[in-house]
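In what follows, every chain begins at residue 1, and chains take the letters A, B, ... in the order their sequences are listed. Because the structure is predicted, anything quoted here is derived from the model rather than measured.
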2 protein chains.
Amino acid sequence: MPASSIRARVRAEMIDEIKAVARRHLSTDGANLSLRAVARDMGMVSSAIYRYFPSRDELLTALIIEAYDALGDAVAAADAGRDRLDLRGRWHAACRAARDWALAHPAEYALLYGSPVPGYAAPDATVEPAQRPPVTLVGILRDGLAAGRLDPPAEDLPEPVREDLAVIGAALFPGLPESLLARGMAGWTHLFGLISFELFGRLNRAVPHRDEYFDHQTALMADLIGLPA
Amino acid sequence: MPASSIRARVRAEMIDEIKAVARRHLSTDGANLSLRAVARDMGMVSSAIYRYFPSRDELLTALIIEAYDALGDAVAAADAGRDRLDLRGRWHAACRAARDWALAHPAEYALLYGSPVPGYAAPDATVEPAQRPPVTLVGILRDGLAAGRLDPPAEDLPEPVREDLAVIGAALFPGLPESLLARGMAGWTHLFGLISFELFGRLNRAVPHRDEYFDHQTALMADLIGLPA
DNA sequence: CCCGCGTCAAGAGCACTGCTCTCGAATTTG
DNA sequence: CAAATTCGAGAGCAGTGCTCTTGACGCGGG
């Protein structure tokens, strides 16, 4: 049925263009993007947008999912570009990729990891893409353990913590000791804080040498995890 | 001049009431608080608010500064409540105090540490209050070093990093080795990420035992810093 | 004491927002 | 070819921050 396909194709192109224009607005106006402004940029009237997105939040959700995917791809690609056994190299590459993506797309990063929009609840469709960056990071630990290059820390976790981490591990990293997973999550948590601090201007006048500071901070977390030099 | 003082006192009370009502709205409606709604709650018309605050952003700034102070006080009080030599106890108490405050005032925390409001630039008056929580945290390291209970890590920092940290240290923590300051900042960065993850719903279904997870994560950073058990 | 200055709240109004509904026009479908 | 679907435009609603004008009130100096 080529007839209906024409319409479908035009419609898909319209959706893509709306998202592209919205992304552009996002980078200048921040999270409060205006449907009317997007419509104006496309030579349309605001109500026409509603033919393609039922609400502004749905548009935001689409942008969020695409942003998660882009970030996840960037991190995964950087990790994949290193030798599987170069654990520290993979760690640094993945961390830097996340930071580079965030610096290149600050508004989208803020959309993902900034304060949640008051009325907006992230739909379930976003949780899988959101997991990809930390999964890539902890995957480095999994590989290191499997290759015998990384020893699980000799540490007894409090039982409730071990329990929670066991559930997470069973779903995403079967066989990974909980103590190692805990340190991987600490690394991910720290990485998020590090990028957010830089992006949200919290070390504006304090730290001029951003790149070096970032690398050293992530190296500290690699030490905590036990990644071999 | 008691006459003009009456006016001044009424005016100060009005300002306080506006801030109180705005804070209440903040906790329910998030960062996009409405001047008109605040005015309605006070039985006033929106334009009357402008007698006391020249713009919505100025009101936000006032709330931000008060929030920074409240958080800083909470952290400092928790730290001060422990024996000066119980470094790990102080660390945990300070971290927990920050988290407790954030959980009790999620909207204000988001205002401080969430994505920056697009048009809004934090005025200089906010930087000093913003420094107080991390200063309290790193102060624990300074005391530990002075008491001989904490050894600076034997580590050579990259020169640019050492340089930046030396400037920060000279202003706030004279005599503190840069390597230790770096770990203190890692701890602060991680703490911020940890609280944000919990508050912004990123470990909603994943980690049911929040308290224990939080304590264990901060303990990991205490390990990295080298705080003695 | 009381008049005038300064402060204050109110109201109207501007430009903007997300969103809904209706109405023609174009296009696809049977 | 006729019917059904899709689409864009426009008007309109309720809300926003903010400005300006108007009138009332309290205060201090003459």
Legend entry - Atom pair CG (A/L191) and CE (A/M185), whose distance is rounded to the nearest 0.5 Å: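 Taking CG in A/L191 and CE in A/M185, the distance rounds to 13.0 Å.
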
Legend entry - Exercise: do A/S196 and A/Y109 side chains pair donor with acceptor under 3.5 Å: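 Yes.
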
Legend entry - Lys/Arg N to Asp/Glu carboxylate O, B/D211 vs B/R96, below 4.0 Å: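 Salt bridge: no.
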
Legend entry - 5'-most by nearest nucleotide on DNA chain C - A/R51 or A/S46: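 Upstream on the strand: A/S46.
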
Legend entry - Smallest separation among heavy atoms of A/D69 and A/P129, with atom names: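 Result for this residue pair: OD1-CB, 3.7 Å.
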
If you check the [X] side chain, which of [options] turns out closest?
X	options	answer
A/S55	C/dA9, D/dC18, C/dC19	C/dC19
A/Y50	C/dA9, D/dG17, C/dC19	C/dC19
A/A37	C/dT17, D/dG8, D/dT16	C/dT17
A/V45	D/dA9, C/dG18, D/dG17	D/dA9

Legend entry - Short side-chain N/O contact from B/Y52 to OP1 or OP2 of C/dT7, under 4.0 Å: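 For C/dT7, OP1/OP2 do not have a side-chain N/O of B/Y52 under 4.0 Å.
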
Legend entry - Contact under 4.0 Å: A/R40 side-chain N or O vs C/dT17 OP1/OP2: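 For C/dT17, OP1/OP2 do have a side-chain N/O of A/R40 under 4.0 Å.
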
Inset, instruction - For B/P54 and for A/I49, locate the closest nucleotide of DNA chain D by heavy-atom distance; then report the residue assigned to the nucleotide nearer the 5' terminus. - result: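 By nearest-heavy-atom nucleotide position, the 5'-most residue is A/I49.
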
Inset, instruction - Establish whether the base of D/dG15 is bridged to the side chain of B/R36 by a donor-acceptor pair shorter than 3.5 Å. - result: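 There is none.
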
Inset, instruction - Please confirm whether any donor atom in the side chain of B/S47 sits under 3.5 Å from an acceptor in the base of C/dA9, or the reverse. - result: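 Not at all, since no donor on one side and acceptor on the other fall under 3.5 Å apart.
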
Inset, instruction - Rounded off to whole Å, could you give me the CG-to-P distance for the A/L35 and C/dC16 pair? - result: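 The answer, rounded to whole Å, is 16 Å.
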
Inset, instruction - Using atom CZ of A/R11 as one end and atom P of C/dT28 as the other, report the distance to the nearest whole Å. - result: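 Atom CZ in A/R11 sits about 14 Å away from atom P in C/dT28.
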
Determine the contact category for [X]: base if any of its heavy atoms lies under 4.0 Å from a base atom, sugar-phosphate if only primed atoms, P, OP1 or OP2 are that close, otherwise nothing.
X	value
A/F53	nothing
B/L59	nothing
A/M14	sugar-phosphate

Inset, instruction - Kindly confirm or rule out a cation-pi arrangement of A/R99 over A/F214, judged by NZ or CZ under 6.0 Å from the six-membered ring centre and within 45° of its axis? - result: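 Judged by the rule (NZ or CZ under 6.0 Å from the ring centre, within 45° of its axis), A/R99 counts as positioned above A/F214.
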
